[in-house]
Amino acid sequence: MALLNLHLKVWRQNGSQPGHFQDIEAPEIPDHASFLEMMDIVNERLIANGQDPIAFDHDCREGICGACSMTINGMPHGPERATTTCQLHMRKFRTGDTIWIEPFRARSFPVVKDLMVDRGAFDRIMQAGGFVSIRTGSAPEGNSIPIGKDVADAAMDAAACIGCGACVASCKNASAMLFVSAKVGQLNTLPQGQPERQRRTLGMVRQMDAEGFGNCTNQYECEAACPKEISVRWITKLNRDYAVAAVKDIVGAGRQQAGGEGGD
Amino acid sequence: MSAVFESLTRFYQSSIGKKTLVALTGAMLVLFVLGHMIGNLLIFVGPHAINEYGHFLQTVGHGMGVWVARIGLLAAVVIHIVATIQLTKANRAAREQRYGCEATQVASRSSRFMIWSGLTLLAFIVYHLLHFTAHAGNNYGSYMTDLDGHQVHDVYKMVIAGFSWAPAAIFYVIAMLMLCSHLSHGVSSLFQTLGLATNKTWPIFKFVGHAYAALILVGNCSIPIAIWVFGYGH
Amino acid sequence: MVQPLLTMSLDSKIPSGPMAEKWTRHKRDSKLINPKNKRKYSVIVVGSGLAGSAAAASLSEMGYKVKCFCFQDSARRAHSIAAQGGINAAKNYQNDGDSVHRLFYDTVKGGDFRAREANVHRLAEVSVNIIDQCVAQGVPFAREYGGGLANRSFGGAQVSRTFYARGQTGQQLLLGAYSALNKEIARGGVEMYSRTEMLDLIVVNGQTKGIVVRNLVTGKIDAHVADTVLLCTGGYGNVFFLSTNAMGCNVTATWRAHRKGAFFANPCYTQIHPTCIPVSGDYQSKLTLMSESLRNDGRVWVPKKAEDCGKNPADIPEADRDYYLERKYPSFGNLAPRDISSRAAKEACDDGRGVGPGGRGVYLDFAESIRDFGRNTIAERYGNLFDMYERITGESAYERPMRIYPAVHYTMGGLWVDYNLMSNLPGLHVLGEANFSDHGANRLGASALMQGLADGYFVIPTTVANYLVTQKPGEVTLDNPEVKKAVADAEERTKKLLSVKGKRSVDSFHRELGLLVWDKCGMARTREGLQEAIDRIPALREEFWNNVTVPGSGDAANQELEKAGRVADFMEFAELLCIDAQNREESCGGHFREEHQYPDGEAKRNDQDFSYVAAWEYSGNCSQPKLNKEPLTFEEVHLAVRSYK
């Protein structure tokens with residue numbers, strides 16, 4: 001096991017006050033440590049020196065909860081493909097490297113502290129239609145809805161999203177289209193999601209807009225940054241589903257006009 | 001009526017709705033530049049062919065055709081530009097604090113340059129219309145020639161004269177480079193925005209987009225190059 | 001601290017009648033609250049994992065006013081999300097002879113006959129409804145080409161009853177429950193409080209009436225009151241510091257409830273998962289689980305001779321390898337249950353034949369499967385896992401055997417609850433991993449997800465009314481003196497943590513505690529070792545309160561303060577864990593006492609003296625808990641030695 005000497009440039013910020021980069025030396029970091037374990041070591045040293053440790057979100061540390069959210073050298077979750085920060089290991093760095101560590105930057109992800117941001121916008125988007133309105137206990141027998149393997153697999157591809165927000169952080173426009181398209185796409189692909197398809201599509205896109213995310217310009221940085229490799233073809237599908245839903249909305253097709261209930 | 005209007009407004013106000021309009025107007029403009037280029041290339045067939053073509057455009061539908069096209073194109077350009085400027089402003093606002101260390105993994109240069117290539121094109125279009133349509137600062141309007149017994153505008157002479165002035169030719173070539181850049185992202189992008197791409201077809205759209213951009217660049221630039229390098233028309 | 005005046009009786013409220021009819025009868029006999037009155041009752045749900053989200057959503061659908069709390073930044077990040085393998089259900093879609101009774105039997109046997117039969121039977125019954133519910137929500141379970149749901153055999157079960165969604169069944173089920181929760185949040189039935197941690201339970205006149213919470217962004221501590229509280233706060237595996245639990249998993253909610261009178265049952269039942277990536281250094285913050293499914297195609301071995309341990313595994317000839325699981329358990333082989341496989345790995349390493357750093361690892365070898373089925377087939381089955389292994393260790397499992405070692409994974413013990421999932425403390429309900437009820441001394445693979453969702457979707461919506469009808473809605477308000485006192489106590493404790501200003505970080509204490517507990521109360525335990533831990537923990541606890549350093553203030557986001565509060569509770573809980581392990585003079589499931597084994601090293605249960613639930617009561621002194629016993633009786637299942645030979 002080798003030890004690495006690193007120079008860190010870490011974003012420090014308290015709530016809504018302006019932030020700044022702090023230069024922190026991180027000598028003798030074991031290359032077998034994960035990136036977050038490196039942060040733990042740095043924090044232990046800061047605490048020992050009476051300094052404020054760096055706040056960062058993290059929880060499962062096995063790449064599934066989506067809590068960890070650092071932009072490392074300009075790339076959300078760092079340089080390794082299909083890997084969350086918690087699964088990134090220090091052997092991917094060289095001794096002497098300078099590492100920039102910043103929060104996921106977007107107006108819709110306000111900084112709570114240091115590298116910790118508020119991703120509540122994602123929850124609110126989900127509340128605007130990311131569900132099938134079925135009551136507990138009212139479900140039909142599981143096998144009564146046959147779903148082809150290809151359809152189930154496609155839905156699973158979309159459902160692999162861990163809601164980390166790397167797509168927003170990597171997008172040049174801080175757009176949330178990859179996240180929203182994966183979430184809308186999972187349910188719009190499955191037969192269970194069809195009754196609420198139009199309502200869901202309109203509702204979630206409107207909420208996404210209301211949260212102040214940017215707009216997709218088809219540059220696909222999101223797909224490159226996504227730790228679960230969600231495909232931008234879900235964005236294609238969302239564009240299509242939204243156009244169809246909007247046209248139906250404009251001409252008053254479907255039950256929406258009759259019920260006087262919009263999709264938001 | 002008001003319910004429909006409300007839904008239309010919401011569509012325009014939404015991120016995807018605006019982008020859909022950008023893609024649709026973009027598609028119109030993409031087809032226009034192809035038609036325009038084919039028309040221009042008639043210059044290599046000879047003065048008669050291009051003058052006949054010019055006359056046809058002026059007179060089709062009792063002279064109404066050109067105005068329908070002009071109004072349609074103007075509307076497309078205005079929607080395309082207004083919507084993209086609004087989108088770009090929203091995009092800038094969506095990230096107030098920039099990254100200290102910026103990195104780009106896959107976004108193409110042309111995709112990141114769209115607003116600037118687009119605005120350069122806008123400037124060019126204004127100049128181009130003043131130059132060739134409004135004849136501002138020149139007397140191209142008085143160039144007339146005989147076509148099968150009718151007195152018509154001498155488009156051929158106008159084009160040769162226009163490009164023979166070096167600054168115009170240089171600006172034109174720069175604008176065509178911008179157009180090429182704009183199209184190389186824009187053409188394939190519109191298939192994505194209109195929801196028409198699939199994993200299988202995407203590589204085709206991407207190739208077609210690049211090829212189309214290159215074709216327009218080569219086709220349009222062939223005219224000033226022919227005039228300046230090979231002395232065509234002199 | 002006031003001692004309870006009399007020992008509360010442990011009435012498990014198991015309905016009468018034959019086992020297969022108990023739940024039906026109980027549903028029939030349970031109280032109902034009419035829809036208009038339901039709106040008047042409020043429910044607090046702590047935790048937003050499978051049990052919490054499912055309960056919050058289902059109760060809100062029924063009309064109750066629900067508040068749901070989680071310490072994560074979003075309800076969707078609760079640690080249920082990390083479950084990989086699958087969820088069991090007695091659907092018998094494979095026509096391989098599965099039934100509710102068989103799932104019930106397997107679970108009781110798998111739990112080494114230390115679970116409450118009636119609860120387990122109910123779990124097996126509702127397992128089929130869970131699958132229906134999740135499918136309807138749009139959970140993308142694996143499917144056959146014909147469109148039907150796919151199953152696999154998992155965790156040593158002899159039928160294929162496990163439903164799965166790639167390697168992320170936990171995430172998909174949690175997202176299903178989270179979507180139901182979102183639906184209810186949008187409708188206004190649930191108020192969600194994320195980044196909000198429960199610090200204490202509020203008990204007024206012997207009834208649970210609310211919780212004290214800290215807003216992890218602003219630091220503000222305040223109270224929420226309701227007519228009942230549901231703790232869905234998961235297990236206490238992080239008492240070992242290194243575990244497969246998420247960093248934030250903690251015992252605080254259940255421990256604080258315990259201190260307020262709730263009995264803590266069977267804390268010594270801790271599950272050690274056999275296939276985790278070994279520890280690589282002392283900076284290590286957590287252990288990563290590799291799905292158990294790997295054992296379907298991998299063969300576990302260590303060198304026969306200790307001197308071979310340092311060699312490249314490829315250079316060790318077949319004759320010098322000890323495939324110890326296949327040798328000891330010929331019929332189950334590499335698929336032997338978790339506790340048995342884990343202990344066998346420990347024995348091999350204790351024997352000096354462990355591999356990798358520190359000699360704490362065994363090989364899981366895919367060479368034979370790659371030879372038989374081809375690299376592509378293996379990559380198709382386990383590609384993701386092999387990639388993850390390579391990311392973490394820098395080694396390719398295609399080229400050389402994986403190194404694995406057991407790690408703490410799940411805790412079967414938890415707060416004592418009756419058949420209604422209510423603890424002995426009236427009004428306190430406990431769901432999912434946080435309670436003790438369904439897994440006995442050992443949990444079978446793919447049963448945790450089943451239990452969390454069963455409790456949340458199907459059990460609590462029926463049983464909660466039995467308590468609520470006894471209460472006048474909204475009786476306790478925020479200006480109640482008990483409420484104010486609970487808030488003041490929590491504020492005081494936070495101030496105390498901040499004011500120690502000692503020399504050692506919170507993590508250093510947690511690491512020391514974890515190592516001690518792992519060493520003395522891990523995979524194998526002895527009376528003396530446990531005594532040593534019981535002697536040392538109070539001293540460590542005292543040092544913690546005198547020498548911990550918690551930087552920053554209590555008035556803002558402060559992760560060190562959060563950790564400090566949790567570690568302070570682990571410091572107290574760890575002692576109870578060891579006391580329970582010392583009290584239980586037998587080996588069963590996840591609890592292995594070296595004194596109690598057969599000559600061949602198998603666990604030796606003592607049904608005569610220990611066929612009971614040890615429900616510990618807080619006496620006011622962590623070192624002197626009081627033992628209450630709920631005897632376990634078995635009507636349907638005959639007690640037998642649990643053999644997997």
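Every chain is numbered from 1 and lettered A, B, ... according to where its sequence line falls, protein lines coming before strand lines.
When the candidates A:Leu190, A:Val112, A:Leu187, A:Asp57 are compared by the number of heavy-atom contacts under 4.5 Å with chain C, A:Asp57 comes out ahead. Ranked by non-hydrogen atom pairs under 4.5 Å with chain C, the options A:Ala155, A:Gly148, A:Gly130, A:Ala67 are led by A:Ala67. In terms of heavy-atom pairs under 4.5 Å with chain C, the best-connected choice from A:Met38, A:Gln51, A:His58, A:Arg119 is A:Arg119. Comparing C:Thr288, C:Asp507, C:Ile131, C:Val506 by heavy-atom pairs within less than 4.5 Å of chain A, the highest count is held by C:Asp507. Looking only at heavy-atom pairs under 4.5 Å with chain A, the residue among C:Arg187, C:Glu184, C:Gln137 that has the most is C:Gln137. Of the listed residues (C:Gln84, C:Lys503, C:Met388), the greatest number of heavy-atom pairs within a distance under 4.5 Å of chain A belongs to C:Met388. Counting heavy-atom pairs closer than 4.5 Å to chain A, the top-ranked of the candidates C:Ile185, C:Ile392, C:Val135, C:Ile81 is C:Ile392. Ranked by non-hydrogen atom pairs under 4.5 Å with chain C, the options A:Glu44, A:Gln192, A:Glu37 are led by A:Glu37. In terms of heavy-atom pairs under 4.5 angstrom with chain A, the leader among C:Ala136, C:Cys134, C:Ala75 is C:Ala136. When the candidates C:Thr393, C:Thr549, C:Asn245, C:Asn182 are compared by the number of heavy-atom contacts under 4.5 Å with chain A, C:Asn182 comes out ahead. Counting heavy-atom pairs closer than 4.5 Å to chain C, the top residue among A:Gly129, A:Ser144, A:Pro53, A:Pro140 is A:Pro140. With chain C as partner, the option from A:Ser133, A:Gly50, A:Ala160, A:Gly193 having the largest number of non-hydrogen pairs under 4.5 angstrom is A:Ala160.
Using a 4.5 Å cut-off between heavy atoms, C:Leu149 touches chain A through backbone and side chain atoms alike. Both the backbone and the side chain of A:Asp157 come within less than 4.5 Å of a heavy atom of chain C. Within the 4.5 angstrom heavy-atom criterion, atoms from both the backbone and the side chain of A:Asp153 approach chain C. Both the backbone and the side chain of C:Glu61 come within contact range of chain A, with heavy atoms under 4.5 Å apart. The part of C:Phe458 that comes within reach of chain A is its side chain, from C-beta onward, which places non-hydrogen atoms under 4.5 angstrom from that chain. Contacts of A:Asp59 with chain C are made by both backbone and side-chain atoms, with heavy-atom separations under 4.5 Å. When heavy atoms are compared at a cutoff of 4.5 Å, C:Gln559 approaches chain A solely by way of its side chain, counted from C-beta outward. For a residue to count as touching a neighbouring chain, one of its non-hydrogen atoms must lie under 4.5 Å from one of that chain's; by this rule C:Asp73 touches chain A with backbone and side chain alike. Contacts of C:Ser194 with chain A are absent, with no heavy-atom separation under 4.5 Å from either backbone or side chain.
A cation-pi contact links A:Lys149 to C:Tyr145, judged by a cut-off of 6.0 Å to the six-membered ring centre and 45° from its axis. In this structure, C:Arg195 is not positioned above the aromatic face of C:Phe71 in the sense of NZ or CZ being under 6.0 Å from the six-membered ring centre and within 45° of the axis.
Between the side chains of C:Gln171 and C:Arg76, a donor-acceptor pair is found at a separation under 3.5 Å. Using a 3.5 Å distance cut-off with no hydrogens or angles, the side chains of A:Gln194 and A:Arg197 do pair a donor with an acceptor. Using modelled atom types, one finds no donor on one side chain facing an acceptor on the other under 3.5 Å when comparing C:Tyr164 with C:Asn151.
Between the side chain of C:Lys286 and the main chain of C:Met247, no donor-acceptor pair closer than 3.5 Å is present.
The minimum heavy-atom distance linking C:Ser48 with C:Met192 is given by the pair CB-CE, 4.3 Å. Taking both residues in full, the closest heavy atoms of A:Ile145 and A:Pro191 are given as CG2-CG, 3.9 Å, listed atom of the first, atom of the second, then distance.
If you look at A:Phe122 and A:Phe109, their ring centroids are closer than 6.0 Å.
Using non-hydrogen atoms only and a strict 4.5 Å limit, the part of residues 28-36 of chain A facing chain C consists of A:Pro30, A:His32, A:Ala33.
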*Can you list the steps and then say if A:Glu80 with C:Arg391 is a salt bridge (Lys or Arg N to Asp or Glu O under 4.0 Å)?*
CA-CA 10 Å; A:Glu80 210 185 345; C:Arg391 273 200 290 274; 5.5 Å; no

